[in-house]
Amino acid sequence: MSDTLTITDNRTGKNYEVAITDGTIRAADLRQIKVADDDFGLMSYDPAFKNTASCRSAITLIDGERGILRYRGYPIEQLAEQSSFLEVAYLLLNGELPNQEEHASWVNEITHHTYIHEYMTKAMNGYRYDAHPMAMMVSFLGALSTFYESSKEVRNPKVRHEHIIKIIAKMPTLAAWTYRHSTGRPYIYPDNALSYTGNFLNMLFRMAEPKYEPHPVLERALDVLFILHADHEQNCSANSARAVGSAETDPYCSLAAAAAALYGPLHGGANEAVLRMLNTIGHVDKVPEFIQACKDRKHRLMGFGHRVYKNYDPRARVIKKLAHEVFQVTGRNPLIDIALELEKIALNDPFFVERKLYPNVDFYSGLIYQSMGFPTTMFPVLFAIPRAAGWLAQWQEMLTDKEQRIARPRQIYIGHDERAYVPLDQR
Ligand code: ACO
């Protein structure tokens, strides 16, 4: 038995043998299949990349059938339990967990790049009070590129490192300032004595107190949420970072493109939809009626189901536990009872069981964010902060992969054949 695929072209009767590697055939191998010498050759057609691997990646593994998520081989549950977000960011970018010295240096570098050029505040002040924080975030990422001309040297590993540090360091500052802007409060500058998430909470919520002290449970909860959201292999935004970055665009603009993808409601906006749904249901007594309406296809059970996971999303399990820890501090979010009842009924209902519909990461995360005081418009921004580490890891992997070129798909042209131009006065 050989690892090859034999293809018979019934148009010509010719046979072709193409190699199978890692369960994949190379689309370019199809090009040899032609009906005439001047034929372009066979292509594959795969709108939305449903069955096409666009890269070889060593960063994140998802096994949707078994409900497994691993970063660089480490199970997400172990990382969420024992690691920190900055350590996970290092792991995603460098392939290994840092030793103590590497960790200290990494944290030190990031902590000392949290400030943002003061001119950026002028740009921020130009936005209306009700500007969506995620749209601001997209534009701030692009705007940062104007301050760092050297970031265009994307083939230089030292330069890449410098800007990776800057981006991871500045994401919380940008994010917090979008929130302060929308609430009309003055921007709070970073406090380098605090942790990554402790400082983020400081920049979000500090008022007149001389020294902000983050609640350790909330500081850790945010760190765990950041770990859970740090990467998710070739999703829409990671693919955007890779595609734009493949043109050798600088990392700020490449990440602006990724953030723009995450802004879309089909990608980063589902937890907001969960909260809206829970508010609409309003009371646990209404849950059976709502579930029935889902089965009658009147609406979907938001936060349930996933294109890849056909099992319990491992991140949802961690988040559910985290929610209870956060509520000990913030007070119980009354919507949690509705969420628990929905989950209980759905997990025992044949409609959901047969379709392998389980809670996904968004089912509980919105409840935690709301309890911590975030408005729903901040949810995608909270997603973007940690995902920047994943985007950068994916971007860097693409740049250092010798097989990659500018991302440029083919098309099947379905337009007119050649026709002659008709001048305007004759139309
Ligand atoms: N509620 C009720 N029924 C559902 C749900 C749901 N949440 N999700 C899927 N189904 C049903 C569909 O009606 C379909 O049933 P049928 O085969 O009888 O017609 C079957 O399950 C398969 O559904 P598809 O839409 O084909 O599955 P797909 O993989 O395309 O969709 C998606 C995945 C978009 C996530 C879907 O499950 C959904 O809409 N969920 C709710 C929104 C949500 O929570 N999104 C967040 C995803 S996680 C993330 O992006 C970070």
Side-chain angles (χ1 to χ4, degrees), residues 4-57 135 138-139 141-143 145-146 151-155 233-269 307-308 391 394-395 397-427:
T4 60
L5 176 74
T6 303
I7 303 170
T8 305
D9 185 347
N10 293 321
R11 298 170 302 176
T12 59
K14 281 192 193 158
N15 285 327
Y16 301 85
E17 193 166 329
V18 296
I20 300 176
T21 312
D22 298 324
T24 318
I25 61 160
R26 285 187 174 257
D29 284 351
L30 300 175
R31 289 279 294 280
Q32 60 184 307
I33 304 174
K34 298 180 174 194
V35 284
D37 284 346
D38 62 351
D39 180 4
F40 181 79
L42 201 66
M43 288 194 299
S44 60
Y45 175 56
D46 188 10
F49 298 120
K50 283 202 198 128
N51 196 38
T52 294
S54 62
C55 61
R56 297 171 68 82
S57 182
V138 171
S139 68
L141 274 165
S145 150
T146 66
S151 68
K152 295 186 171 26
E153 291 173 47
V154 296
R155 296 281 168 202
E233 53 118 306
Q234 305 313 312
N235 53 80
C236 182
S237 56
N239 185 53
S240 305
R242 279 178 176 263
V244 173
S246 75
E248 300 197 352
T249 302
D250 70 66
Y252 299 95
C253 290
S254 299
L255 261 68
L262 189 68
Y263 188 18
L266 296 188
H267 189 7
R307 172 59 61 79
V308 181
W391 291 332
Q394 300 284 345
W395 167 77
E397 189 177 67
M398 176 276 303
L399 282 171
T400 51
D401 181 343
K402 292 198 168 35
E403 273 201 300
Q404 292 291 343
R405 299 281 183 278
I406 185 166
R408 200 325 186 165
R410 297 276 176 183
Q411 65 168 6
I412 302 171
Y413 178 69
I414 55 165
H416 287 281
D417 271 345
E418 183 180 339
R419 48 186 179 157
Y421 177 77
V422 181
L424 185 57
D425 60 3
Q426 292 171 33
R427 272 180 260 149

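Note: hydrogens, waters and symmetry copies are ignored here, and every other heavy atom, side chains too, is used. Residue numbers run from 1 in the order of the sequence given.
Looking only at distances, a side-chain donor or acceptor of T12 sits under 3.5 Å from a matching main-chain atom of K14. Distance alone, capped at 3.5 Å, is enough to place a donor-acceptor pair between the S246 side chain and the A407 backbone.
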Open item on the list: With side chain to side chain contact (heavy atoms under 4.5 Å, CB included) as the criterion, how do C253 and K152 come out once you've worked through the C-alpha distance, each side chain's angles and the decisive distance to 0.1 Å?
Closed with: CA-CA 10 Å; C253 290; K152 295 186 171 26; over 6 Å; no
- [ ] Show your working on side chain to side chain contact (heavy atoms under 4.5 Å, CB included) between I412 and Y45 and close with a plain yes or no.
- [x] CA-CA 8 Å; I412 302 171; Y45 175 56; 3.4 Å; yes
- [ ] Determine, step by step, whether C55 and M398 satisfy the side chain to side chain contact (heavy atoms under 4.5 Å, CB included) criterion, reporting the C-alpha distance in whole Å, the side-chain angles of both residues, the deciding distance to 0.1 Å, and the verdict.
- [x] CA-CA 8 Å; C55 61; M398 176 276 303; over 6 Å; no
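E233 and Q394 share no donor-acceptor pair across their side chains, judged by distance under 3.5 Å alone.
Checked against side-chain hydrogen bond (donor to acceptor under 3.5 Å, both in side chains), S237 has the following partners two or more places apart in sequence or in another chain: N235, H267, W391. Residues passing the side-chain hydrogen bond (donor to acceptor under 3.5 Å, both in side chains) test with S145 are D250, sequence neighbours excluded. Considering only residues two or more places apart in sequence or on other chains, D417 meets the salt bridge (Lys or Arg N to Asp or Glu O under 4.0 Å) condition with none of them. Residues that satisfy the side-chain contact (heavy atoms from CB on, under 4.5 Å) test with S139, not counting sequence neighbours, are Y127. Not a single salt bridge (Lys or Arg N to Asp or Glu O under 4.0 Å) links R31 to another residue, sequence neighbours left out. With sequence neighbours excluded, the residues that form a side-chain hydrogen bond (donor to acceptor under 3.5 Å, both in side chains) with E17 are T4. A search for salt bridge (Lys or Arg N to Asp or Glu O under 4.0 Å) contacts involving E248 returns R155, not counting sequence neighbours. For T21, there are no side-chain hydrogen bond (donor to acceptor under 3.5 Å, both in side chains) partners, not counting sequence neighbours.
For the atom pair CG of L30 and CD1 of I7, the computed distance is 5.5 Å after rounding to the nearest 0.5 Å.
For the ring pair (Phe, Tyr, Trp, His ring centres under 6.0 Å) condition, the pairs that include at least one residue of residues 239-263, sequence neighbours left out, are H132-Y263, Y148-Y252, H163-Y252. Contacts classified as side chain to side chain donor-acceptor pair (under 3.5 Å) and involving residues 400-415 (residues at least two apart or in different chains) are given here: R26-E403. Among pairs with a residue in residues 4-13, those fulfilling salt bridge (charged side-chain N to carboxylate O under 4.0 Å, His left out) read D9-R11, at least two apart in sequence or across chains.
Shortest non-hydrogen contact noted between N15 and T8 is OD1-OG1, 2.7 Å. Summarising the geometry of L141 relative to A259, their closest heavy-atom pair is CD1-CB, 3.9 Å, with the distance given to 0.1 Å. Taking both residues in full, the closest heavy atoms of Q426 and V422 are given as CB-CG1, 3.8 Å, listed atom of the first, atom of the second, then distance. A241 and A258 get closest at one heavy-atom pair: CB-CB, 3.9 Å. Across all non-hydrogen atoms, the minimal contact from P251 to S151 is CD-O, 3.4 Å.
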Donor-acceptor list for residues 33-44 side chains, cut-off 3.5 Å, not counting sequence neighbours:
residue : atom : partner : partner atom : Å
K34     : NZ   : D39     : O            : 3.4
D39     : OD1  : G41     : N            : 3.2
D39     : OD2  : V35     : N            : 2.9

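The closest side-chain heavy-atom distance from V154 to W395 is below 4.5 Å. Using a 4.5 Å heavy-atom threshold, the side chains of F49 and N239 count as touching.
Within a 6.0 Å sphere centred on CZ of R419, heavy atoms belonging to other residues, nucleotides or ligands number 12 at most.
A salt bridge links R242 with E397: the distance from a Lys NZ or Arg NE/NH1/NH2 to an Asp or Glu carboxylate oxygen falls below 4.0 Å.
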